[in-house]
Protein chains: 2
Amino acid sequence: MKSKITLKDIARELEVSISTVSKALKNSEEISRDTKEKVQAFARLYNYKPNNIAISLKNKRTKNIGVVIPDIVHHFFTTVIRGIEKYANAKGYNVIVCLSEESFDKEVINMEMLANGSIDGFIMSLSSETQAKKDFNHLKEVMEQGIPVVLFDRITNEIDCDKVIIDDKLGGYLATKKLIEQGKRKIALITTDDYLSVSKARGQGHRKALIDSGLEVDESRILKLPTMEMDEERIRSFFDSIEFDAVLCVNEIFAVFSMRVALEKGLKIPDDVAVIGFTNGLLSKYANPSLTVVAQHGEKMGEISAQMLIDKVESEKEEETFQTKILEPTLVVRDSTIN
Amino acid sequence: MKSKITLKDIARELEVSISTVSKALKNSEEISRDTKEKVQAFARLYNYKPNNIAISLKNKRTKNIGVVIPDIVHHFFTTVIRGIEKYANAKGYNVIVCLSEESFDKEVINMEMLANGSIDGFIMSLSSETQAKKDFNHLKEVMEQGIPVVLFDRITNEIDCDKVIIDDKLGGYLATKKLIEQGKRKIALITTDDYLSVSKARGQGHRKALIDSGLEVDESRILKLPTMEMDEERIRSFFDSIEFDAVLCVNEIFAVFSMRVALEKGLKIPDDVAVIGFTNGLLSKYANPSLTVVAQHGEKMGEISAQMLIDKVESEKEEETFQTKILEPTLVVRDSTIN
DNA sequence: TATCAACACGAAACCGTTTTCGTTAAACAC
DNA sequence: GTGTTTAACGAAAACGGTTTCGTGTTGATA
């Protein structure tokens with residue numbers, strides 16, 4: 001096991017000072033041709049690589065970015081991570097992923113853990129508990145320490161920072177309009193409690209589309225589950241309790257499951273019941289029938305988040321100007337609606 | 001913006017030395033009660049947290065582990081990450097995720113980037129290009145530097161290190177046996193080229209099951225795609241070219257798509273065609289009909305990998321004993337087979 | 001009163017870099 | 001021969017901690 005070689009080792013071997021070695025490796029003007037060649041050759045030979053930690057300590061930059069998300073076993077978040085990773089990697093940054101698992105406490109602990117020098121900035125999506133609790137002190141604290149934060153998807157208005165979201169209200173609107181256009185009038189909505197920012201916005205869009213089309217908003221056709229967790233029981237009994245000819249769901253799992261329930265009831269998709277979900281994941285593509293969805297463009301979102309964060313990290317200025325990027329959702333039409 | 005407070009700041013403020021502050025915060029016996037209380041109170045008041053980077057530099061431990069995987073938008077890998085993250089986090093470690101995107105070069109670059117002090121060890125699954133190329137020098141190099149490596153799922157025998165895999169051969173065997181038990185005789189196999197270690201093993205298990213049951217191995221019923229990428233064309237024409245009453249696929253996407261093709265042909269599942277896939281993901285659970293799969297227990301795999309790695313990292317001994325943990329796959333029976 | 005241990009604390013080295021600011025010797029001008 | 005410039009290099013501080021090894025003071029002991 002040949003352990004890593006340091007500047008000191010090279011200096012000792014070549015009988016020059018550490019500073020000379022450091023400068024020689026950076027091709028400094030100060031150092032003579034001869035010495036530079038000698039040092040560089042030696043370094044190459046022994047495969048010298050500077051120690052990242054030492055460099056981080058010196059210039060107070062880690063080239064790491066922290067990503068805190070509620071869940072990773074979720075198509076949308078993985079696409080975001082992929083987008084972040086791509087952009088960050090191209091810029092020489094590493095991505096540290098932490099999972100809050102929808103828990104406020106874990107979110108706080110993770111952030112504290114990373115905020116002590118491990119990272120240059122945060123990209124995050126709030127846990128449901130945090131959104132419900134409306135306690136954002138952990139965010140305020142890291143920002144006060146001068147650590148930039150970019151919030152994506154699940155955001156809050158109570159914190160002033162860069163944000164990237166999709167226009168969820170528009171997404172809900174587009175989806176509902178689509179169903180209405182197909183002649184559907186009894187549109188059910190399966191969503192979560194309003195504390196989840198995205199669900200709330202999607203619900204608003206849904207409502208707006210109904211009203212714009214002169215339709216009544218029938219609250220009994222709206223099922224609000226406590227979280228994004230699947231609850232087959234409640235969805236089943238919800239469908240038993242209402243009349244419906246279309247279903248809009250805030251994720252693809254609810255939607256695919258709704259299709260199954262509809263099929264079990266002997267209903268035809270999309271003629272008897274049309275279904276639209278959110279998240280353009282594998283499930284939507286390969287479900288039978290395939291599912292029409294509102295695509296959230298996670299990868300794009302990740303890229304933009306990473307770009308905004310790295311811009312902040314690398315900008316010298318102390319200006320506190322924040323922006324919110326709003327991406328447009330798009331409808332991916334498949335077989336669960338009439339096309 | 002109140003920037004982070006350091007030992008030096010506390011020392012200056014309280015007019016004691018840095019060493020005294022350091023010791024006081026660690027509750028050292030050396031320091032008097034009075035001083036300790038004073039220092040600790042001050043530290044608490046100003047929310048002092050030691051700088052991780054400085055500590056890393058000092059004790060040459062980063063408490064970061066590097067995870068290099070081919071892809072993150074893939075249910076199996078996300079479950080593994082979740083397992084790793086859970087265990088690692090509980091042990092106070094952070095997880096740096098790097099994606100090779102099935103590229104040899106990216107794998108190498110990522111590892112080199114992390115190997116210079118950023119992490120204490122690697123957990124990785126080889127990219128398909130690496131497995132095809134059989135070039136493992138990047139692995140050898142980091143191991144020579146004394147950085148422990150744990151390989152999971154996509155491994156190689158050419159490197160001596162800790163490994164965690166599932167018994168893919170057994171998985172292929174169990175699945176095929178299941179199909180045979182249901183009276184299926186014309187079992188198709190959709191897999192990838194043999195360079196992918198897992199596909200090869202699954203294929204061997206499949207073959208063994210056929211032979212053990214006295215059935216012929218008909219090569220024309222085996223489709224080997226170049227990668228795990230979906231190729232609807234080739235799968236469609238494959239099914240047009242053979243007779244079959246069952247399909248075994250090395251992932252869930254191939255399997256779900258096979259079901260779609262079968263349904264389109266007017267075949268009944270599972271009576272006319274039974275289907276089994278690998279990976280117990282969302283797709284399998286919510287497909288119509290739901291898919292019987294060989295579960296790979298990714299989360300367990302991640303946990304074990306993390307445990308093995310952290311054990312190595314934290315063990316003082318220099319012994320070079322490696323172990324390979326083999327997890328048993330299990331069959332999750334759903335509606336795509338007769339139960 | 002001289003000796004000694006115990007106590008409480010500080011100085012300094014160290015981890016591996018970068019960078020500023022000398023310092024030395026040769027080369028040059030006058 | 002003196003003074004000045006320049007090239008080439010080294011010493012040392014700095015980043016923020018930990019840790020070893022003094023060191024000065026106190027009180028007890030012989």
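Proteins come first, then strands; the chains are lettered A, B, ... in the order of their sequence lines, and each starts at number 1. Worth saying up front: this structure is predicted, and the values here are computed from it rather than measured.
Partners of B/D34 under the side chain to side chain contact (heavy atoms under 4.5 Å, CB included) rule, at least two apart in sequence or in another chain, are B/S32. Residues satisfying the side chain to side chain contact (heavy atoms under 4.5 Å, CB included) test with A/L14, not counting sequence neighbours, are A/I10, A/V16, A/K38, A/V39, A/F42.
Evaluation of the side-chain hydrogen bond (donor to acceptor under 3.5 Å, both in side chains) test over residues 84-96 of chain A, restricted to residues two or more places apart or in two chains, returns A/E85-A/N89, A/K86-A/E299, A/N89-B/N110, A/Y93-A/E314. Residue pairs meeting the side-chain hydrogen bond (donor to acceptor under 3.5 Å, both in side chains) criterion with at least one partner in residues 59-69 of chain A, sequence neighbours excluded, are A/T62-A/D120. Listed by first and then second residue, the side-chain hydrogen bond (donor to acceptor under 3.5 Å, both in side chains) pairs that reach into residues 300-312 of chain B are B/D162-B/K312, sequence neighbours excluded. Residue pairs meeting the ring pair (Phe, Tyr, Trp, His ring centres under 6.0 Å) criterion with at least one member in residues 114-159 of chain B, sequence neighbours excluded: B/F104-B/H138. Applying the side-chain hydrogen bond (donor to acceptor under 3.5 Å, both in side chains) rule to pairs touching residues 146-158 of chain B yields B/E102-B/R154, sequence neighbours excluded. Under the ring pair (Phe, Tyr, Trp, His ring centres under 6.0 Å) criterion, no residue pair touches residues 7-27 of chain A, with sequence neighbours excluded.
Contact footprint of chain A on DNA chain C: nucleotides with an atom under 4.0 Å from a non-hydrogen protein atom, first to last in 5' to 3' order, C/dC15 to C/dC21.
Salt-bridge formation is not detected for the pair B/K140/B/E144: no Lys NZ or Arg NE/NH1/NH2 atom is positioned less than 4.0 Å from an Asp or Glu carboxylate oxygen.
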- B/S/- contact track for nucleotides 13-24 of chain D, protein heavy atom under 4.0 Å: -BBBBBBBB---

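A/T35 comes within contact range of the sugar-phosphate backbone alone, with a heavy-atom separation under 4.0 Å but no base atom that close.
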Can I get a per-line list of side-chain donor-acceptor pairs under 3.5 Å for residues 18-26 of chain B, giving both atom names and the distance, sequence neighbours left out?
unit_1, atom_1, unit_2, atom_2, d
B/S19, OG, B/S17, OG, 3.3
B/T20, OG1, B/S17, OG, 2.9
B/K23, NZ, B/E30, OE2, 3.4

- Dot-bracket line, read 5' to 3' along DNA chain C, where crossing pairs take [ ] and | marks a partner on another strand, Watson-Crick or G-U under 3.5 Å: ||||||||||||||||||||||||||||||

